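To start, the structure itself, in structure tokens.
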Amino acid sequence: MGDEINSKRKQDQQQNIQKRRPNKNYALKKRLPLRPKEGDNVIFITKKTNFKAQLDKCCDLLTKGEKDIILHGLGAAIQRCCNLALQVEALFAGTCQIEVNTGTVDLVDDLEPLTDDLEFGAQVRHSSSIHIRIFRTALLGAN
């Protein structure tokens, strides 16, 4: 029974590896995702950036007079994006509200041939995304 489960897991892992790299003759190059909107109040959350730095940037924007900020997160950064939004809301003690939208983003990967006789290709994959808008409802110290 245990051997059947282990062999099933190995087969699943091999299939997942084959999905990511369709052929040993190609190298997979991931393109950067399209950015939905640019601006000073738009922040793209990643797993690599320091959380404290991202939190400070959000707080600075809101204290300097921005009416709202928009956080964007993809894939593994969704949890960090949610955590960041909740931390900002807690720091501003009820003067901010959060609006959340989720969705799916199409990501394109380039297939670069490792030999000269093959042609270039591309494949599309899907990734979960989150867009969080944090907006001020009242100013601190205002009556």
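Starting from 1, each residue takes its place in the sequence as its number. In this text the structure is predicted, and so the values were computed from the model without any measurement. Note: hydrogens, waters and symmetry copies are ignored here, and every other heavy atom, side chains too, is used.
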Side chains of [X] and [Y]: does their closest heavy-atom pair fall under 4.5 Å?
{"X": "P113", "Y": "F120", "answer": "yes"}
{"X": "L84", "Y": "I43", "answer": "no"}
{"X": "E99", "Y": "N101", "answer": "yes"}
{"X": "S129", "Y": "H131", "answer": "yes"}
{"X": "I70", "Y": "I132", "answer": "no"}
{"X": "F135", "Y": "K67", "answer": "no"}

Check [X] against [Y] and note the closest heavy-atom contact, atom names and distance.
{"X": "G73", "Y": "C81", "result": "N-SG, 4.1 Å"}
{"X": "P33", "Y": "L74", "result": "CG-CD1, 3.4 Å"}
{"X": "I130", "Y": "C82", "result": "CD1-SG, 3.5 Å"}

Roughly how far apart are [X] [atom1] and [Y] [atom2], rounded to 0.5 Å?
{"X": "L118", "Y": "E112", "atom1": "CG", "atom2": "CD", "result": "12.5 Å"}
{"X": "F92", "Y": "T63", "atom1": "CZ", "atom2": "OG1", "result": "5.5 Å"}
{"X": "L28", "Y": "Q123", "atom1": "CG", "atom2": "CD", "result": "5.5 Å"}
{"X": "I78", "Y": "K47", "atom1": "CD1", "atom2": "NZ", "result": "11.0 Å"}
{"X": "I134", "Y": "Q87", "atom1": "CD1", "atom2": "CD", "result": "11.0 Å"}
{"X": "E89", "Y": "T95", "atom1": "CD", "atom2": "OG1", "result": "9.0 Å"}

Test your reading of the model: is there a side-chain donor-acceptor pair from [X] to the backbone of [Y], 3.5 Å cut-off?
{"X": "R136", "Y": "L62", "value": "yes"}
{"X": "N41", "Y": "D68", "value": "yes"}
{"X": "T104", "Y": "S128", "value": "no"}
{"X": "T49", "Y": "T46", "value": "no"}

Yes or no on side chain to side chain contact (heavy atoms under 4.5 Å, CB included) for L55 and L91, after CA distance, side-chain angles and deciding distance? CA-CA 10 Å; L55 182 62; L91 286 173; 4.0 Å; yes

Taking the six-membered ring of F44, is NZ or CZ of R35 closer than 6.0 Å to its centre and within 45° of its axis?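 Yes, R35 and F44 form such a contact.
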
Determine, step by step, whether K30 and L107 satisfy the side chain to side chain contact (heavy atoms under 4.5 Å, CB included) criterion, reporting the C-alpha distance in whole Å, the side-chain angles of both residues, the deciding distance to 0.1 Å, and the verdict. CA-CA 8 Å; K30 296 181 179 181; L107 302 174; over 6 Å; no

Atom CG of D106 with >12 non-hydrogen neighbours under 6.0 angstrom: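 Correct, the count exceeds 12.
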
Tell me if the CG atom of D116 is crowded by more than 12 foreign heavy atoms within 6.0 Å.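 Count not over threshold, so no.
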
So does K64 pair up with D60, basic N to acidic O under 4.0 Å?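 Salt bridge: no.
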
Please assess R31 against D110 for the test side chain to side chain contact (heavy atoms under 4.5 Å, CB included), listing each intermediate value before the final yes or no. CA-CA 7 Å; R31 288 188 201 171; D110 293 321; 2.8 Å; yes

Could you walk me through whether D109 and R125 pass the salt bridge (Lys or Arg N to Asp or Glu O under 4.0 Å) test, one step at a time? CA-CA 8 Å; D109 298 333; R125 59 190 168 88; 2.7 Å; yes

